[in-house]
Amino acid sequence: MIYIEQPPFAPWLGFCEALFACDTVALYDDVPYTDGGYQNRNRIKTADGVRWLTVPVTRAPGQLIRDTPIAPGFDADRMLRTIRLAYARTPHADEALHVLQPVLGQRHTWLADLNIELLTHIRAALGAPARLQLTSEMRIADTDRTRRLAAICAAAGCKVLWAGSGTRSYLDTTALAQHHVSVRWNEYADRHPVYQQAWPRQGFAPNLSVIDTVCALGWAGTAALLRTGLATHLQQPAPKEATA
């Protein structure tokens, strides 16, 4: 099984679950960078509520994700201080920062390099089995969306696509089936787990960066949470709308 997503910055739990669910997580780095996504930002919880952690980038027309530079003004130390302050009262903040700090401290030039290294360290800290593979290294020339997805699956040797509910509006499962690719919907947003977050008086805020969960539960606790949720979900019948 394969999950395909543009390389996110400090991803949410739904992405991290795919690291356990799939044999391959393909990082779609050879598509245009778009503003407003999760490639250069994600959310954490602070004393003032949920806020964005943002890596500023330098934009150019038609720029691909892999060709997107981090803006010279990015202050990684300031971001780390923000995380430390936000999660100072949580039991595992040091554990989370132990993984984040060396990566952010490397002063990467390219956004994709930062994200890929961070994802690699997150995967290792979680003990997740999926391999990370860049779509740019697959050298797929076809620009048709469905055929390109099918080609990525074929290049990774996978026949089942692990797909988020957000892709239901445009993912052509019938066409993918013609390419011998079936779809398994992960529906993660609908089954997001609840755990003891920082700043409990604010109420639980779902869909934050994995930083939030790790500060609360540690890497081992987060991995256990993801494995349990995945096992429960996989016990449910798979949809039959697309078959290989």
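Hydrogens, waters and symmetry mates are skipped; everything else that's a heavy atom, side chains included, is used.
In this structure, L111 CG and I65 CD1 are separated by 8.0 Å, a value rounded to the nearest 0.5 Å. To the nearest 0.5 angstrom, C158 atom SG is 8.5 Å from Q133 atom CD. To the nearest 0.5 Å, atoms SG (C153) and NE2 (H180) are separated by 12.5 Å. With values rounded to the nearest 0.5 angstrom, L126 atom CG is found 13.0 Å from H121 atom NE2. Here the CG atom belonging to L27 is positioned 5.5 Å from the CG atom belonging to L134, to the nearest 0.5 angstrom. Atom SG of C16 and atom CG of L230 lie 12.5 Å apart (nearest 0.5 Å).
With hydrogens and angles disregarded, no donor-acceptor distance shorter than 3.5 Å links the side chain of T228 to the backbone of L225. Formation of a donor-acceptor pair under 3.5 Å by the W199 side chain with backbone atoms of A86 is found in this model. Here the side chain of R41 pairs a donor or acceptor atom with the backbone of G37 at under 3.5 angstrom. When atom types are taken as modelled, the side chain of T24 and the backbone of I2 share no donor-acceptor pair closer than 3.5 angstrom. The backbone N or O of Q39 lies less than 3.5 Å from a partner atom in the side chain of N115, making a donor-acceptor pair.
Applying the salt bridge (Lys or Arg N to Asp or Glu O under 4.0 Å) criterion to R191, with sequence neighbours excluded, gives E17. With sequence neighbours excluded, the residues satisfying ring-ring contact (aromatic ring centres under 6.0 Å, His included) with Y38 are W52. Taking D35 as the reference, R59 meet the salt bridge (Lys or Arg N to Asp or Glu O under 4.0 Å) condition, with sequence neighbours excluded.
L114 is listed as a side-chain neighbour of V55, based on a closest heavy-atom distance under 4.5 Å. A heavy-atom distance below 4.5 Å is not found between the side chains of S182 and L161. Using a 4.5 Å heavy-atom threshold, the side chains of F9 and L119 count as separate. Using a 4.5 Å heavy-atom threshold, the side chains of Y3 and F15 count as touching. Two residues are said to be in side-chain contact when any heavy atoms from C-beta on lie closer than 4.5 Å; R131 and V25 fail this criterion. Using a 4.5 Å heavy-atom cutoff, the side chains of V183 and W162 are not in contact. Side-chain atoms of P32 and L64, non-hydrogen and from C-beta on, do get closer than 4.5 Å to each other. Between T222 and L226 there is a side-chain heavy-atom pair separated by less than 4.5 Å.
Hydrophobic clustering (ILVMFWY, side-chain heavy atoms < 4.5 Å, transitive): I70 and W110 are in distinct clusters. Linking Ile, Leu, Val, Met, Phe, Trp and Tyr whenever their side-chain heavy atoms come within less than 4.5 Å leaves V50 and I44 in two separate clusters. There is no path of hydrophobic side-chain contacts, each under 4.5 Å, that joins L80 to L85.
Nearest heavy atom pair, residue A76 against residue L104, reads CB-O, 3.4 Å. When all heavy atoms are compared, the tightest approach of A189 to W12 is N-CH2, 4.0 Å. Between V103 and H108 the shortest heavy-atom distance is O-CE1, 3.5 Å. Scanning all heavy atoms of the two residues, the minimum distance from D142 to R148 falls at O-NH1, 3.3 Å. Of all heavy-atom pairs between A71 and T58, the closest is CA-OG1, 3.6 Å. Here the closest heavy-atom approach between residue A223 and residue F20 is recorded as CB-CZ, 3.8 Å.
Judged by distance alone, the side chains of D172 and T146 never bring a donor and an acceptor atom under 3.5 Å apart. Looking only at atom types and distance, the side chain of N40 has no donor-acceptor partner in the side chain of T54 under 3.5 Å away. Residues H233 and E187 bring no donor and acceptor atom of their side chains to less than 3.5 Å of each other.
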Can I get a per-line list of side-chain donor-acceptor pairs under 3.5 Å for residues 91-100, giving both atom names and the distance, sequence neighbours left out?
residue, atom, partner, partner atom, Å
H92, ND1, E95, OE1, 3.1
D94, OD1, R84, NH1, 3.2
E95, OE2, W219, N, 2.7

List the atom pairs, donor and acceptor, that lie under 3.5 Å between side-chain atoms in residues 202-215 and the rest of the protein, sequence neighbours left out.
residue, atom, partner, partner atom, Å
Q202, NE2, T46, O, 2.8
Q202, NE2, A47, O, 3.3
S209, OG, A10, O, 2.9
S209, OG, I211, N, 3.1
D212, OD1, Y87, OH, 2.8
D212, OD2, Y195, OH, 2.6
D212, OD2, Q197, NE2, 2.9
T213, OG1, Y195, OH, 3.0

Problem set entry | Stepwise side-chain contact (heavy atoms from CB on, under 4.5 Å) check, L53 with R43 | CA-CA 6 Å; L53 290 177; R43 302 183 306 153; over 6 Å; no
For this session: Output, in order, the C-alpha distance, side-chain angles, deciding distance and verdict of side-chain contact (heavy atoms from CB on, under 4.5 Å) for Q6 and Y33.
Result: CA-CA 9 Å; Q6 299 173 10; Y33 175 88; over 6 Å; no
For this session: Decide yes or no on side-chain contact (heavy atoms from CB on, under 4.5 Å) for L149 and L176, but give the supporting numbers first.
Result: CA-CA 8 Å; L149 288 176; L176 282 172; 4.2 Å; yes
Problem set entry | Residues D30, M138; criterion side-chain contact (heavy atoms from CB on, under 4.5 Å); working and verdict | CA-CA 10 Å; D30 52 350; M138 297 177 179; over 6 Å; no
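Around atom CZ of R107, more than 12 heavy atoms belonging to other residues, nucleotides or ligands sit under 6.0 Å away.
Note on residues 66-75: pairs passing side-chain hydrogen bond (donor to acceptor under 3.5 Å, both in side chains), not counting sequence neighbours, are Q63-T68.
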